[in-house]
Amino acid sequence: MGGSDRALGGAMLLAASFVFTYYTTWAMLLPFFDSSNPIHDWFPAREWAVRLPAFILVVGLSAIGLFLGSTMLKESRKKAEQAKMRTA
C-alpha cells in the first residue's frame, strides 16, 4: 500500500510541476517573446490565462459550497429525526 501511495504522490507532484511550469511560461514569460516566435503556437490566447483560473476558482468554490450545504442539510435532518425519536 505504501508503494502505491508514493507512486501516486510522485505522479501528482509531476503533474503539478508541469502545470505550474506551463502556466508560468504562458502567463508571465510569453509576453517577452516576439509575437512571431513559434513558441506562441504552443499556448492558447493570453486572455485564457485569466479566464481559465477564474472559471476553475468559481467551479471549485461552488463545489465546496454545495458540499457544505448538503452536509449541513443532512445533519439538520438527522438531528430533527433524533429529536423526534426522543419525544415519541
Side-chain angles (χ1 to χ4, degrees):
M1 189 81 162
S4 64
D5 288 345
R6 288 182 64 133
L8 179 62
M12 289 171 61
L13 181 62
L14 185 66
S17 298
F18 174 76
V19 169
F20 174 77
T21 304
Y22 184 86
Y23 183 79
T24 302
T25 303
W26 178 27
M28 297 196 180
L29 298 180
L30 204 60
F32 295 109
F33 289 100
D34 190 33
S35 60
S36 62
N37 195 322
I39 197 168
H40 282 275
D41 297 336
W42 299 350
F43 300 95
R46 283 212 58 225
E47 68 234 16
W48 287 101
V50 174
R51 288 182 185 174
L52 188 61
F55 176 74
I56 292 171
L57 181 67
V58 168
V59 169
L61 290 176
S62 297
I64 291 169
L66 285 171
F67 174 74
L68 289 175
S70 68
T71 302
M72 290 173 26
L73 189 63
K74 286 178 187 176
E75 287 297 317
S76 66
R77 286 181 183 166
K78 190 187 297 184
K79 286 182 181 180
E81 189 173 314
Q82 287 175 352
K84 191 179 197 183
M85 294 294 270
R86 279 190 229 136
T87 58

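- Residues satisfying the salt bridge (Lys or Arg N to Asp or Glu O under 4.0 Å) test with Lys74, not counting sequence neighbours, are none.
- Within 6.0 Å of CD in Glu81 there are 12 or fewer heavy atoms belonging to other residues, nucleotides or ligands.
- Within the 4.5 Å cutoff, no side-chain heavy atoms of Trp42 are placed close to those of Thr25.
- Considering Ile64, Thr71, Leu66 in turn, Ile64 is the only one that fulfils the side-chain contact (heavy atoms from CB on, under 4.5 Å) rule with Leu68.
- Distance CZ/Phe43 to OH/Tyr23: 12.0 Å, rounded to 0.5 Å.
- The side-chain contact (heavy atoms from CB on, under 4.5 Å) check on Lys79 picks up nothing, with sequence neighbours excluded.
- Inter-residue side-chain proximity for Trp26 and Trp48 is flagged as met; some heavy-atom pair is nearer than 4.5 Å.
- A salt bridge links Lys78 with Glu75: the closest approach of a Lys/Arg side-chain nitrogen to an acidic carboxylate oxygen falls below 4.0 angstrom.
- Taking both residues in full, the closest heavy atoms of Arg46 and Ala27 are given as NH2-O, 2.9 Å, listed atom of the first, atom of the second, then distance.
- Judged by distance alone, the side chain of Ser70 and the main-chain N or O of Phe67 form a donor-acceptor pair under 3.5 Å.
- Taken from CG in Leu29 to OG1 in Thr21, the straight-line distance is 10.0 Å, to the nearest 0.5 Å.
- In this view, Asp34 and Ser36 satisfy the side-chain contact (heavy atoms from CB on, under 4.5 Å) rule, not counting sequence neighbours.
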